[in-house]
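Input: a single structure, listed below in structure tokens.
Reckoned from all heavy atoms, side chains included, excluding hydrogens, waters and symmetry mates. Note that this is a predicted model, so its numbers are computed, not measured.
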Amino acid sequence: MKYTQLGRTGLKVSRLVLGTMNFGPQTDEPESHAIMDAALGAGVNFFDTANVYGWGENKGRTEEIIGNWFAKGGDRRDKVVLATKVYGNMAGDGDPWPNHDRLSAVNIRRAVDASLKRLRTDHIDLYQFHHIDRRTPVEEIWQAVDVLIKQGKILYAGSSNFPGWKIAQTNEAAQRLASFGLVSEQCLYNLAERRAEMEVIPAAQEYGLGVIPWSPLHGGLLGGVLKKEATAGRRASGRSADALADTQMREKVQAYENLLDKHGLEPGEAALAWLLTRPGVTGPIVGPRTADQLASALRAVELELGDEVLASLDEIFPGPGPSPEAFAW
């Protein structure tokens, strides 16, 4: 496994991030534990989750699965850089009480204590804001975060799904308050969705945030979806199906699969390897449902894409270009 610094911090993290969103809803607890053991055995030390994972009536279930894995011992917790998130509503359906969501100081305090209990640990390494909160002053958020850091409950703060201007606003406020500020941004970024290159990634680089792309295969679109459709009858779903409904995107995906087939490369591995070449990227989040999917993702770390392949990928999936030139002059 290869490692890098997380943004401007001194923290070393693996170039792949183990995403756990499938643990519970799609992968049962024993298989989830086996995947985490395999990831840790391969040197993956960066695990990502969120308090809402488990979804519906099972919100928090994913954190519980991870906590039960930590409780097995074997230095599991000490070896892992643990990241979770706060923002989503954790109240039960039909619960009329407010303050169970967003980024108020009240909810941040409540949410972190609940996550620590489910995760069966005394601290969270990276506590991430899952979305911007248009109602809560950023000064209030940093006040709450700084209290948690002083209490030893969290070590770093990060963002997820923030636009570039919000990254700037949040870290400028942190500087005024003598807070350390955001150290990472988790954003939607992959070959088929490159809009983050216009504002989000430049802002992250300017303020010293590591970029953690989620959905690196765009919901399976970049994982050989057309070949699977033709040979195994496996129909695309979700984000991938929505993208393929666009004729131009389907043609791009076909050209992408043809290119990689020509070079003897697996689409999913190539898509991850491409992200590892991108400026500012710490590591993409991979969310395996099985041990085989994890093994495929691990191979991407050692995969080196040649200049010809990289140039061809840019031709098929061109980026938007820098801001403001992408939309002005």
If only side-chain N and O atoms count, and only distance matters, is there a donor-acceptor pair under 3.5 Å linking E63 with N51? no
Any side-chain heavy atom of L18 sitting closer than 4.5 Å to one from P288? yes
May I ask you to list the residues sharing a hydrophobic cluster with W97, side-chain cutoff 4.5 Å, ordered by chain and number? none
Other cluster members, L11 - Ile/Leu/Val/Met/Phe/Trp/Tyr, side-chain contacts below 4.5 Å: L6, V13, V17, F46, V81, L126, L155, Y156, F180, V183, L188, I212, W214, I285
Can you check whether D48 reaches Q128 side chain to side chain, under 4.5 Å on heavy atoms? yes
Got T247 and E251 here, is their nearest side-chain heavy-atom distance under 4.5 Å? yes
For Y87 together with F129, are the ring centres under 6.0 Å from each other? no
List the steps, then state whether salt bridge (charged side-chain N to carboxylate O under 4.0 Å, His left out) holds for E193 with R195. CA-CA 6 Å; E193 177 48 86; R195 284 177 291 181; 2.8 Å; yes
Are Y189 and W274 near enough that their ring centres are under 6.0 Å apart? yes
Could you tell me whether the side chains of D125 and H123 share a donor-acceptor contact shorter than 3.5 Å? yes
Establish, from distance only, whether the side-chain atoms of R289 and T27 form a donor-acceptor pair under 3.5 Å. no
Are the side chains of R250 and L226 in touch, meaning some heavy atoms are under 4.5 Å apart? yes
Does the side chain of Q254 come under 3.5 Å of the side chain of N258 through a donor N or O and an acceptor N or O? yes
Cut-off 3.5 Å, side chains only: do Y53 and K85 have a donor facing an acceptor? yes
Closer than 3.5 angstrom, by distance alone: can the side chain of S14 be matched with the main-chain N or O of N45 as a donor-acceptor pair? yes
Any side-chain donor-acceptor pair under 3.5 Å between N161 and H131? no
